[in-house]
Every structure is written in structure tokens, then in C-alpha cells.
Amino acid sequence: MASNSSPKRSRTVVLGTGAGIPRKVLTNFDLEKMVDTSDEWIVQRSGIRERRIGSEGESSITFTTQASLAALEDAGLAPEDLDLIIMASHTPDMTLPSGSCLLQGRIKAKNARAFDLLAGCTGWLYGMVVADNFIKNSPDFKVLVVGSEFLSNRLDWEDRTTCVLFGDGAGAVVLTGGGDGRGILSTCLRSDGTQWEALTMLGPGSMYPITHEFVDKKLHVVRMEGNRVFRLAVPALEEVAWFVLTDAGFAPSDVDWFIPHQANIRIMESVAGRLGIPMEKVIVTIDKYGNTSSATIPVALSEAARDGRIKRGDLVLLASFGGGFTWGAVLIRW
Ligand code: UT7
């Protein structure tokens with residue numbers, strides 16, 4: 001076993017997990033009535049059967065708060081125990097203040113610094129790596145990393161190539177340092193900004209400020225060259241998965257649970273197949289929640305940890321990719 005698996009070394013351990021999922025369900029059959037699509041096409045091409053959508057009066061903070069308080073309760077901590085909040089989102093409530101500051105105020109985490117992190121669907125995974133580095137410096141730090149997206153009002157509900165794919169929701173973990181050999185064993189982050197046009201939400205921003213033309217051209221919505229993203233994602237996920245496994249001295253056959261970003265069941269099957277990880281070891285939530293971007297992995301992690309599938313000592317492989325283009329992996333001894 002690699003030296004970095006030594007039980008003596010302090011690592012970043014997950015103390016608790018939580019999810020915040022909207023109650024409102026939007027099925028493929030509902031979408032059949034809205035755009036030229038079919039349940040059969042959506043299930044075959046993406047694996048999605050339904051997704052959750054926020055209702056009137058709800059916004060990012062609704063589900064961010066639910067996920068964060070659930071993770072804190074699971075960790076046995078109070079909000080004031082937190083030293084740091086990192087929120088990954090490209091759909092926070094406001095541009096200023098940050099979503100993390102809104103959350104800090106809402107849950108009264110008065111001792112926490114708070115900032116947002118933007119790395120597309122890989123944002124939460126980036127947040128895990130940033131938190132891991134904070135904790136390497138300050139092992140007593142209690143860090144909340146939450147991935148939260150409210151994509152339903154950033155979709156073009158007339159564009160069948162995107163609106164059938166995404167959903168709203170949030171997932172969170174609470175992390176701290178621990179010394180019993182468990183925790184984050186290896187991490188890997190990558191970016192390729194030359195591929196930025198494959199997946200965009202162009203504005204509002206300094207290049208595309210809000211004008212009548214901006215609204216007419218729907219520049220606030222998600223646009224994606226799905227097939228291009230698909231072809232980039234599969235080898236990218238495989239590469240970072242191999243990186244963290246090799247770095248920590250493991251093989252794919254050692255993995256107990258693989259949680260890939262939930263963007264398309266065919267991408268998950270393809271990557272799992274290339275790695276030789278059977279689908280029984282892959283946590284899948286895309287059928288019920290669709291693609292919730294930076295929330296997919298923490299939501300899936302929370303469900304699998306809370307329903308007892310992931311057990312103490314399990315080797316858990318997380319891998320994500322998304323707009324930017326960004327991708328990465330984290331390997332955890334649970
Ligand atoms: O989380 C961020 C990362 N995002 C992703 O990972 C998404 C990656 N990409 C994908 O998941 C897949 O590319 C999609 C699910 C988006 C699309 O699947 P695909 O197999 O790549 O289909 P396609 O884009 O090549 O489209 C095939 C056909 C097209 O029709 P023609 O040109 O062959 O006549 C599309 O117009 O399917 C058509 N189509 C649809 N038909 C029914 C596209 N969207 C729909 C739809 N319903 N909703």
C-alpha cells in the first residue's frame with residue numbers, strides 16, 4: 001500500500017452529509033407536453049426519468065440551507081462550529097453577496113469565513129480539494145462544502161436539447177481533520193479553457209450585460225453541445241480516476257463505490273466499463289434528479305452514506321466534469 005495510506009497521517013474526513021431536494025417532480029411525461037420529446041428518448045439517451053424543480057418562493061438558498069443543516073446535524077455540529085463555508089454554484093441567489101455569505105447569515109454560522117467557487121459542474125469537487133488544503137494547514141477546521149444549483153430558471157424551456165436534462169437541488173458535506181487512516185487519500189483537478197464554448201451560460205456579465213437584446217436572445221440560459229461534451233467527458237473522467245487511484249496505490253478493483261457526476265447514464269456506464277468497475281458499485285441518482293450540476297455528487301454521496309450503502313472503511317471514488325471545461329477526482333477512505 002502506498003505511503004500516503006499510512007494510518008498515522010492526519011487526513012480530511014467527512015463528518016456528515018446532507019441533501020436539499022425540491023418536492024416538485026417534473027417527469028419526462030410532463031416534458032412531452034412542453035417540447036417535442038419523448039420519455040423513451042430521454043431515458044435511452046440520458047437515463048433520466050424525472051427531475052426536481054423549485055416552486056414559487058423557493059430559490060437556491062432554500063435547498064442550500066436544507067442540505068447544509070442536514071450535513072451539520074449528521075456531523076453532530078452546530079452552525080457556529082464551522083470555520084469555513086465553501087459554496088459551489090453557478091446559479092446562486094444573487095451576484096452580490098455570494099451564496100455562501102447568504103447561507104452563513106441564514107444559518108448563523110458566525111465563526112465561518114465564506115466564499116463561492118465557480119468551476120461548472122466540477123465546482124463541488126473543486127471545493128472539496130480547496131477544503132482539503134485548508135484542513136491540511138489547520139486540521140481542527142470544520143469546513144462545510146455545499147454544491148447547490150437552481151437551474152430551472154436558467155433553462156430555455158423551448159430547447160429540448162437542454163431543458164430535459166437538468167434539475168434543482170443541493171448537497172453538502174462537513175469536513176475536518178482526522179488521524180485514523182480514513183479520509184481523502186488523493187485528489188486531482190484539471191481544466192481546459194479552450195473548450196469553453198461547449199457548455200455556456202453567457203450572461204449576465206461584463207461581456208453580455210443585461211439589455212433588451214440580451215433578453216430577446218435568451219443569453220441567460222444553458223447552452224450545450226451535448227455530443228461534444230459527451231466525447232470530452234468519458235476519457236477525462238477515466239484519466240482522473242486512474243490518476244487518484246494510482247497516486248494512492250490502488251486499482252479500480254479496490255473501489256467499493258464509484259460516484260461519477262450524474263450527467264448521463266451512458267457516460268457513467270462507459271467510464272465504469274473502461275475502469276472495469278461493475279455498475280453495482282456505481283451510485284446512480286440521475287434517474288430521479290436529472291443533472292443538478294455541482295450538486296449531483298454530494299447529493300448521491302449523502303443518499304448512499306445515509307442509507308447504509310457506503311460503510312466506514314469503504315474506498316469511495318468521486319469524479320466529475322463540466323463547463324469550463326473542468327474535471328477532477330477525489331479518492332476517500334470512508
Ligand atoms: O453536466 C454538464 C455536462 N453535460 C453533459 O455531460 C451532457 C453530455 N451529453 C449528453 O448527455 C448527450 O449528448 C445528450 C443527452 C445531451 C444528447 O444525447 P446524444 O446521443 O449525444 O444526442 P444528439 O445530441 O447527438 O442528438 C441526437 C438526435 C438529434 O436529432 P437528429 O439531428 O439526429 O435528427 C437531436 O435533435 O436527438 C435529437 N434530440 C432530441 N430528440 C428528442 C435532442 N434532444 C432531444 C430530445 N428529445 N429532448
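For this chain, numbers begin at 1 and follow the sequence in order. Whatever order the structure lists ligands and atoms in, that order sets their numbers, starting from 1. Excluded from the calculations below are hydrogen atoms, water molecules and symmetry mates; all remaining heavy atoms, backbone and side chain alike, are included.
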_Is it the case that atom CD in Glu73 sees more than 12 heavy atoms from other parts of the structure closer than 6.0 Å?_
no

*More than 12 heavy atoms of other residues, nucleotides or ligands under 6.0 Å from CZ of Arg274: is that the case?*
yes

Exercise: identify the closest heavy-atom pair between [X] and [Y]:
X      : Y      : value
Ser302 : Ala19  : OG-N, 3.7 Å
Gln104 : Ala114 : CB-CB, 4.3 Å
Glu149 : Ala295 : CG-N, 4.4 Å

As a test of reading the model: which N/O atoms of the protein lie under 3.5 Å from N/O atoms of ligand 1, and at what distance?
residue  : atom   : partner : partner atom : Å
ligand 1 : 1 (O)  : His261  : NE2          : 2.8
ligand 1 : 1 (O)  : Asn291  : ND2          : 2.6
ligand 1 : 9 (N)  : Gly226  : O            : 2.9
ligand 1 : 11 (O) : Asn264  : ND2          : 2.6
ligand 1 : 13 (O) : Gly226  : O            : 3.1
ligand 1 : 13 (O) : Asn227  : N            : 3.4
ligand 1 : 18 (O) : Arg266  : NH2          : 3.4
ligand 1 : 20 (O) : Arg45   : NH1          : 2.9
ligand 1 : 20 (O) : Arg266  : NH2          : 2.9
ligand 1 : 21 (O) : Asn227  : ND2          : 2.7
ligand 1 : 22 (O) : Arg45   : NH1          : 3.3
ligand 1 : 25 (O) : Asn227  : ND2          : 3.1
ligand 1 : 36 (O) : Arg160  : NH2          : 3.0
ligand 1 : 37 (O) : Trp41   : NE1          : 3.2
ligand 1 : 41 (N) : Trp41   : NE1          : 3.4
ligand 1 : 41 (N) : Arg160  : NH1          : 3.4
ligand 1 : 47 (N) : Thr37   : OG1          : 2.7
ligand 1 : 48 (N) : Thr37   : OG1          : 3.1
ligand 1 : 48 (N) : Arg160  : O            : 2.8

*Between CZ of Arg23 and OG of Ser55, what distance do you get to the nearest 0.5 Å?*
7.5 Å

